[in-house]
Structure formats: structure tokens, C-alpha cells
Novice: 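Before I ask anything, here is the structure I am working with.
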Amino acid sequence: MERNPDIRRDYVVKMLYKKYDVVVIGGGLAGLRAAIEAQSQGASVLIVSKLHPLRSHSGAAQGGVNAPLANNPDSKDDSPEKHCFDTIKGSDYLADQDAVEIMTSSASEIIYELEHWGCPFSRTDDGRIAQRPFGGAGFPRTCYGADKTGLYMLHTLYEQVIKHSIDVITDFMVTFLIVEDNTCYGLMGIDMAQGRLETIVARSVIVATGGAGRIYGKTSNALTSTALGMAIAYWAGVPLKDMEFIQFHPTGIISKHILMTEGCRGEGGHIVNKDSKRFMEKYASKLMELAPRDIVSRSIATEIEQGRGFVYPADGSGYVHLDMRHLGSAKIMERLPGVRDICLDFLGIDIIKEPVPIQPVQHYTMGGIDTDINGTTVVNGLYASGECACISVHGANRLGGNSLLETLVFGRRSGDAAAQYARAQRQKSYLPQSAINSLSKFYESHFRKIAQSSGKEKHIVLKKELQETMDRYVGIFRAGADLQIALDKVRTLKNRFKYLFAPATGLKFNCDITCHLELEAGIDVAEAIIVGALKREESRGSHSRRDFPNRNDTGFLKHTLCYYNPKGEIKVSYKPVTITKYQPEERKY
Amino acid sequence: MTEFRVFRFDPEKDKVHCFGTYEVPWEKGMTVLEGLWYIIDNIDGSLAFRSSCRAAVCGSCAMHISGERWNGKYRLACNTLIEKLLANGEGTITISPLSHLPIYKDLVVDMTNFFRHYESIKPYLIPSQTPPQKEFIQSPKERKKIEQSIDCILCGACYGSCPVAGTNPDYLGPHSILKTLRFYNDTRDTAKKERLSLIGNNKGLFRCHSIFNCQICCPKDLDPAGAISQMKMKLIFQKIKGLMGLG
């Protein structure tokens, strides 16, 4: 299969209903790794993404990727087992232990592979991949390339996509999965460049669309990290798992909420309150600033609540300081040049000379599309990997540096599984044309309803209200009464969504229409988050209930599953956590 | 309040482009990108532009931005503060799309040609030996040689600013040559000769007229013009070595 540089133009002419073995939705790290693997298994592969793959939010990952390489002098005794234990303990024992074992045992090998493909990691003095300490880890285990690891990894994987001539369609927003008889046959979406609806038929589809951060207002996520990818699987009948577990990253800069990598603390940065006191000793005396993210975020929130933070006048929110001045300019320029630029650009602050005002911001969705260890969902031929999926390796709280690792390990596994499935289906016919046509018609009519809506509600107003609700009531600390307010509010929004004002016409790069669709997805996924949080009457990992401050293993050592119900309330069920070697115990740092 | 003058053009509907003007309220710390989103959310939802990370790392929002205080330049909308463009807190900010590329709509351009040139230089590592069991050994000093060029986010600001790219669509562009240097200087790569031959022609190195716009506008402070002159030197040395029978 030759790579066609003009694929988009070609596509318009003759690719209507073009068929692929595997179609990957999303061009971030998980999507690209899945595509490379599926192609190497002999499948015909297409990557569709609403952005060019290099614009994906994976590129904004800064700190690094975990693997027990033992390259750092302080990590001589590191091993996959220790990495596994740290991850499970970090997850507050909600992670499936078989999945974590798979991830940590293949970590080293998959990082070496990435290095062989050219990923420009920083180096130790003896020329090996450099590793830095990260939160919740027993050893310096996080492989890094300065503070731009995600960017380097994303470019490296895209370079392999070019090398292997994998087809890519950009500016294509997938809005609908064709699922019939519990089997996925392809997808439909908006080709934003051409301004039309398109259908792509596939033996199998991998959803790799990243997180849902933009449901929140204060988030480190890109503007494009909406919940749409999760929602299309959810609407197609796949449950969303453990959605109540939302990670708040301790160190987002005020006002813009852009991330200061955990590497800042890994390299020795301190978090101090308004009395210039390092308060983490009160909350995690051993690991201090390098405790897992849920603990550090809660500690900062507590300091602010108890009046030991600063107040940011623009929005009245509290903040504390991240102080890196003692690291010295040489170390900052070598290891943290990117975050220094961010502070200079957006706050006018030079981290070499001044502390940075930071506050916890929404950062990651531990939950997502329910999959097994191969990315398989309950719908035949539908797979998911990366942040949009929940396997679950992160459980109730993800350790920094494990998300990039997850994209590689489980991206590869889902690519492999999808290619195998497609091969097994080769003898069967694709979905009959008539069925596709009828589905297309259904979709078009559904779509026209949005396009021709004539109410008075503006999507920006609804979006702002959704974000404010989530920020205020579904944040770091939660309580039953607050969650109930949030749920009522989201259900009102769901109703008001029916009366949106008429968007601008046309489908060509039409923000009005894409915002409509993403808002609908956001509301539905937010509802799943709140319902899960309301029903989980315990505190575990990132989910802390003021009314239920303790972990309750007898009642809640289980995964929440939320099923979409177009006609009424979300259906909730639970499934057990896989425990192999490590029995749950008290989590202390 | 400031006035945004924004390039508007839909090739299917309009014969010529025009500029739309929008009153945008702003406060200290607000970026041009936030101003554009204000327009979509509150004034005109049909405006089209690309944006994603809003943290100057994804490269989506490169466009031409000029204000009262700064001359026009290709830059990222997301890390350009409105206050830096205005003289006394008021005035006009003018925004146009990247040049030399076909326009899909308003500020959104078709980057196909830009990426085709990038892909033509084989932008991936070509190692010779079968890879070692663990990682390739590369000293910090060796890695320093690629430190600059790996930071390129392929936003296209350099390409838009290059007059040569405007007059000759076949020109590989500053980004392609910077990326060539990235692999040429990587100690793990072994395709030096091939890389030189891919750009050592009248579509590549010798099409550059040393105008240095790319160096001035790079939002990541990289130096594509420097990369081009470095690669020219390497090519000349290789030719001389060839003539002397050493290559």
C-alpha cells in the first residue's frame, strides 16, 4: 500500500465507503502505537483524527515515562515487581493487578524499542537513558527527555507512521460508531476540511481519543480533549468504568492552568504555603512533595482551605508556591527549559528567580471505556486504548509517568488484538451496503436536528455552566449533597441542550457545530462521573468524600460500570477488581 | 476593548477575502487565542481557526499577528499576549493565516504541502546495525548536538514567513532542512550521505536565499537558517572529499 500524500483529496473522490481492516480514531501516542502494531501484523490501517497527529495532546506531556531500567545510580535495585507494587499501591488497590503486571513487565522492552526508533531521551553520563524521581515511586524510574518527553515520543511515533506509510486522515471528527448486532462495522463523522459527512467501513475500530478534561474549567488538558471519544463508545453500548476517579494535578499555574511537570518536584522543587513553609511534611512525611498526586493535591487544597494559601484576585481562588530557585539556573536550563518558557510566556515569571503560583487542576481521567487487558470492549470489533480507556492499570489514582507507558504497552496490545480480529473476519462480508445506507440516513437525520435547531440557548453558556458545576461540586473533595446538586444541574443542562440556538451553516471547520457535539458528549460523560461518585460512598485515591472519609474494601473494592440509557437514568453495575499478589493494605507514604 | 481585524475567506462562497472586525474586551494576561475564542463564543460562531494545547507545544495556531506595538510576525496565537501588541491598552490587532498554503476557511490552511516536504526528507532514524539489547549508547555531549532541532513542533511559522516558499512551492522549506539536521547529527543515524543528497539540490539547500525570516519568527527560538548554512557546509565538504577521492 503506497502512502498517498494527497490522501484527503483522493478520499473525497473515491474513498467514500473505502474499507480498512483497522481504523484508529485519534493520533496521539496510544493511537499511533496501535496503528503501527496493526500494520506490522499485516492489516490495512487508517488513522482518523480531528487534528494532525502531531497536534495531539500527548505532545504536551512533560515529565517522562516510567520503566525499571535501573540506569540511575539510585535505582540499581529497581525491578518490574517493584514498579508493579508502586503502581498498585498508588492506585489505592483499585487497579487490576494482572493488567499492571503486564504493563510493568513489558515497560523496559517497549522503552528500548522507542529509543531504537530514535526517541531523543536525555542521557546519563555513561550514555544511557536518563531517569528522574517521580511521585509515589520507590526509585528514580521516570525516563525523560528534558521536560518535553511527550513531544519527543509523539514525534518519534509519527516518524514511524511515515516510515511505514500508514494512511492518515486529519481534520476528521468522528461522531458516531456504526454498531449493529453488538458488532462494530465502522464509523461516521465530519470531514471538516471538505465540509461533509463521511462513512468509513472497517473490520475493527480502535478508539484512542484521549481524555475528557474540558468538562472541567480548571484543567491542564488541551481545548480538544473533550469527552467525545468516550461518548461515542458509551452511546454505542460500551459501559464507562470508574469515571468518578478524576486526577487533579497538584501543580498547574494559576490563571492559565498549564502544567508544571511533576519533574519540577522530581528534580528537587518545593511546594510552600504563604508562610514559606514546606507543608508536605505534615501530610506525607517520607515522600514529601513526591507523594502521589492525589495526596499532594489534597494537601494543597487543605492548606488553602485553612487559610495558609494566597488568593488570586482575578477569580478568588487560592494558590500556593512552587519554589525551584534553589535548583540553580544550570539545572533548570538543562532539565526544565520548557516549564521555564511557559512561566515566562504566560505569567512573566522566571522560575530561576521567583517561585511560581500554582494550584491543583484537573489533569487526567483514570476511568474510561471499559476494556480488558487487550483493549477489547463488550462490542465485537471495538477496541479502546490510552486515556479514553480504562483497563484498569491506574485504579483510583495514577502515578506520574505511567500514562505514557500505558499508551505504548496497551496501544500495542490493542493494535495487535484489532488486527487479529480483522484477520479472523476476512472471510465474512463487511456490513451489507443497505444497512450502511440506512444507518447513514438515520445519522443524517439525527445530525440535521442539531444543525436545524432553533432554540435560544448558546452552547458557550451551557459549556461554562457545566464546567463551573464540575469545578465546584465534583472537585478534589466531594460530598453527597454537593454531588446531588451537580447531578440535578447536569440533568437540567441535558434538557436545555435540546433548545440550542441555530449554529452557523456548513460543516467546514464549523466550530459552532463541533462545539455542539462536544457539549452533548461532555454532558453525558459528566453525568456518568457524578453518578459514579455519588454511589461510591467511600474515599479511595482521587475520590475523597467528606461524608465517607475512609476506604471501604468490603463495600467498594470494585469497579463502577455506567451504561448509557437514551430513555432515562444511567444504569450502574459493578465488577470485581482482579487481585493476584498484593492484598489491599493501608496506604501510607 | 481592542479591535480584532481577522482575515475571512471561504473559497467556496467568496471571490476575494475580507477582514472582519470584532470588538474584544481584554484584560492583562489574555492571549490572542483567547480573543479568537471570544469571537467564536460571543460574536460569530462561523469563524474558523485551529487551536489545541494553548501552551505553545502542539503547533496548531501559527498565524500572522500584528498589533500597534509589534510589527507583524508569524507566531503562535496561544502564547502571544494581547497587552504586548497594544500601545496604550487600545488599538487594532490584525490576524491573517499562514502564507503560501491553500486556504480551507478563514485562518485554517491546508498543510498538505508543508507536511509532504517534511515527509520527503525521510524524517525517521535510519540506524545501521541491528539494535543492541538495551538502548544505543549516546553521551550527553553527543545528544547536545540534536538538542535544538528536536524541539521543532512543525507549526509552520517559518514556512509561512519564507518568501522563497511563496515563490516556489517545490522548495522543501526551512522546517524540512532543520529536521534533516536533527537526524544527520544524531549519532545513532547512519544515512548521512543519503540525507545530504535528499536536500542537496535546487529544491532544498540551494533554493534558500538566506533571508533569515525563519530564524526571526520561530516561536521556539530555533534556528532553521543556521541549520541550512550548517548543512550547506557539510555538503560542500562532502563534495570536496569526493573530488579528492576520499569520500
Side-chain angles (χ1 to χ4, degrees), chain A residues 3 5-6 8-9 51-52 54-57 59-60 69 108 111-112 115-118 120-129 145 148 151-152 155-156 159-160 162-163 171 193 195 222-224 255-256 258-259 314 338 341-342 345-347 458 460 503-506 508-512 515, chain B residues 10 12 27 29 31 37 40-42 44-60 79 81 104-106 108 110-112 115-116 118-119 122-125 127 131-140 142-143 146-147 150-154 182-183 186 188-189 220-221:
Chain A
R3 183 182 176 77
D6 289 326
R8 188 180 298 110
R9 278 165 219 146
L51 312 156
H52 189 280
L54 293 178
R55 313 295 184 222
S56 303
H57 198 51
L69 305 182
S108 298
I111 295 300
Y112 290 138
E115 197 274 343
H116 297 156
W117 288 348
F121 287 110
S122 293
R123 299 289 169 160
T124 60
D125 288 339
D126 57 352
R128 301 200 168 274
I129 295 171
K148 298 167 189 168
L151 177 74
Y152 299 156
H155 277 246
T156 304
E159 286 157 15
Q160 293 301 308
I162 293 170
K163 186 177 174 184
D171 303 314
L223 300 166
T224 43
S255 157
K256 303 290 177 200
I258 299 170
L259 211 64
D341 284 346
I342 287 170
D345 283 354
F346 294 98
L347 298 176
K458 295 184 90 174
I460 178 65
T505 53
K508 208 168 167 187
F509 290 102
N510 186 334
C511 273
D512 253 359
C515 286
Chain B
D10 185 344
E12 276 164 28
E27 56 197 28
T31 64
W37 271 106
I40 287 221
D41 289 339
N42 299 288
D44 186 348
S46 71
L47 177 66
F49 58 89
R50 292 185 206 266
S51 69
S52 180
C53 76
R54 59 83 177 90
V57 70
C58 79
S60 298
N79 72 347
L81 297 180
Y104 276 136
K105 195 181 162 195
D106 303 337
V108 180
D110 176 0
M111 309 262 310
T112 308
F115 281 113
R116 201 185 66 206
Y118 160 69
E119 287 167 19
K122 299 200 174 177
Y124 43 83
L125 195 75
Q133 191 111 52
K134 294 185 171 179
E135 66 270 63
F136 287 110
I137 298 298
Q138 184 180 54
S139 71
E142 287 171 330
R143 188 195 179 264
I146 56 170
E147 210 165 65
I150 50 175
D151 283 355
C152 172
I153 56 173
L154 290 167
R182 177 252 174 275
F183 290 102
D186 196 318
R188 299 167 292 178
D189 195 79
K220 304 309 279 184
D221 288 330

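So that the names make sense, note that chain A is the first sequence line, chain B the second, and so on, each numbered from 1.
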Novice: If I compare all heavy atoms of B:D41 with all of A:K458, which pair ends up nearest, and what's the gap?
Specialist: O-NZ, 3.7 Å
Novice: Give, for atom OG1 of B:T31 and atom CZ of A:F346, the distance between the pair rounded to the nearest 0.5 Å.
Specialist: 7.0 Å
Novice: Is B:D10 close to chain A through its backbone or its side chain, or both, or neither, when contacts mean heavy atoms under 4.5 Å?
Specialist: side chain
Novice: B:D44, B:I153, B:D189: which one forms the most heavy-atom pairs within less than 4.5 Å of chain A?
Specialist: B:I153
Novice: Using non-hydrogen atoms and a 4.5 Å limit, figure out which bit of B:I146 sits close to chain A: side chain, backbone, both or neither.
Specialist: side chain
Novice: State the NZ-NZ distance between B:K220 and A:K148, to the nearest 0.5 angstrom.
Specialist: 6.0 Å
Novice: Pick from A:I111, A:I342, A:D341, A:D125: which one has the most heavy-atom pairs with chain B under 4.5 Å?
Specialist: A:D125
Novice: Would you compute the distance between atom OG of B:S52 and atom CG of A:L51 and round it to the nearest 0.5 angstrom?
Specialist: 5.0 Å
Novice: Would you confirm whether B:R188, through its side chain, and A:G118, through its main-chain N or O, come within 3.5 Å as a donor-acceptor pair?
Specialist: yes
Novice: Does the A:R55 side chain pair with the main chain of B:C58, one donor and one acceptor, at a distance under 3.5 Å?
Specialist: yes
Novice: Please flag which part of A:T156 lies under 4.5 Å from any non-hydrogen atom of chain B: side chain, backbone, both or neither.
Specialist: neither
Novice: Under 4.5 Å heavy-atom distance to chain B, tell me which part of A:Y112 shows up: side chain, backbone, both or neither.
Specialist: side chain
Novice: Ignoring hydrogens, what is the shortest heavy-atom contact between A:K163 and B:L125? Give both atom names and the distance.
Specialist: NZ-O, 4.3 Å
Novice: Is B:P140 in contact with chain A via its backbone, its side chain, both, or neither, using a 4.5 Å heavy-atom distance?
Specialist: both
Novice: Among B:P132, B:S46, B:C152, which residue forms the greatest number of heavy-atom pairs with chain A at distances under 4.5 Å?
Specialist: B:P132
Novice: Tell me, side chain or backbone of A:I129 under 4.5 Å from chain B's heavy atoms, or both, or neither?
Specialist: both
Novice: Flag the pair A:H52 / B:R50 as yes when at least one side-chain heavy-atom distance between them is below 4.5 Å, and no otherwise.
Specialist: no
Novice: Could you tell me if the side chain of A:H57 sits less than 4.5 Å from the side chain of B:C53, heavy atoms only?
Specialist: yes
Novice: For the atom pair CG (A:L151) and CG (B:D151), what is the distance rounded to the nearest 0.5 Å?
Specialist: 7.0 Å
Novice: Give the minimum heavy-atom separation between B:E135 and A:R128, together with the two atoms involved.
Specialist: OE1-NH1, 3.0 Å
Novice: In plain terms, say whether B:E142 and A:R123 are close enough for a salt bridge, that is, a side-chain N and a carboxylate O under 4.0 Å apart.
Specialist: no
Novice: Kindly determine whether B:K134 and A:E115 satisfy salt bridge (charged side-chain N to carboxylate O under 4.0 Å, His left out), including the steps that lead there.
Specialist: CA-CA 9 Å; B:K134 294 185 171 179; A:E115 197 274 343; over 6 Å; no
Novice: Taking all non-hydrogen atoms of both residues, which atom of B:G45 and which atom of A:N510 are closest, and how far apart?
Specialist: O-OD1, 4.1 Å
Novice: Just so I understand: if I count every heavy-atom pair under 4.5 Å between each of A:S56, A:P120, A:G59 and chain B, which residue has the most?
Specialist: A:P120
Novice: Determine the minimum heavy-atom distance between B:E119 and A:I162, stating which atoms define it.
Specialist: CG-CD1, 3.5 Å
Novice: Of the non-hydrogen atoms in A:D126 and B:I137, which two are nearest, and what is the gap between them?
Specialist: O-CG2, 3.7 Å
Novice: To the nearest 0.5 Å, tell me how far A:I460 CD1 sits from B:N42 CG.
Specialist: 6.5 Å
Novice: Quick one: what part of B:R54 sits under 4.5 Å from any heavy atom of chain A, side chain, backbone, both or neither?
Specialist: both
Novice: What option among B:R143, B:R182, B:E147 has the most heavy-atom pairs under 4.5 Å with chain A?
Specialist: B:R143
Novice: Less than 3.5 Å apart, any donor N or O on the side chain of B:Y104 or A:D171 sitting next to an acceptor on the other?
Specialist: no
Novice: Using only atom types and a distance under 3.5 Å, with no angle test, would you say the side chain of A:K256 pairs donor to acceptor with the backbone of B:G29?
Specialist: yes
Novice: Heavy-atom distance under 4.5 Å to chain A: side chain of B:L81, backbone, both or neither?
Specialist: side chain
Novice: Please identify, among B:A48, B:A56, B:S139, B:P123, the residue contributing the most non-hydrogen atom pairs under 4.5 Å to chain A.
Specialist: B:P123
Novice: Quick check for you: to the nearest 0.5 Å, what is the distance between B:F49 atom CZ and A:C511 atom SG?
Specialist: 5.5 Å
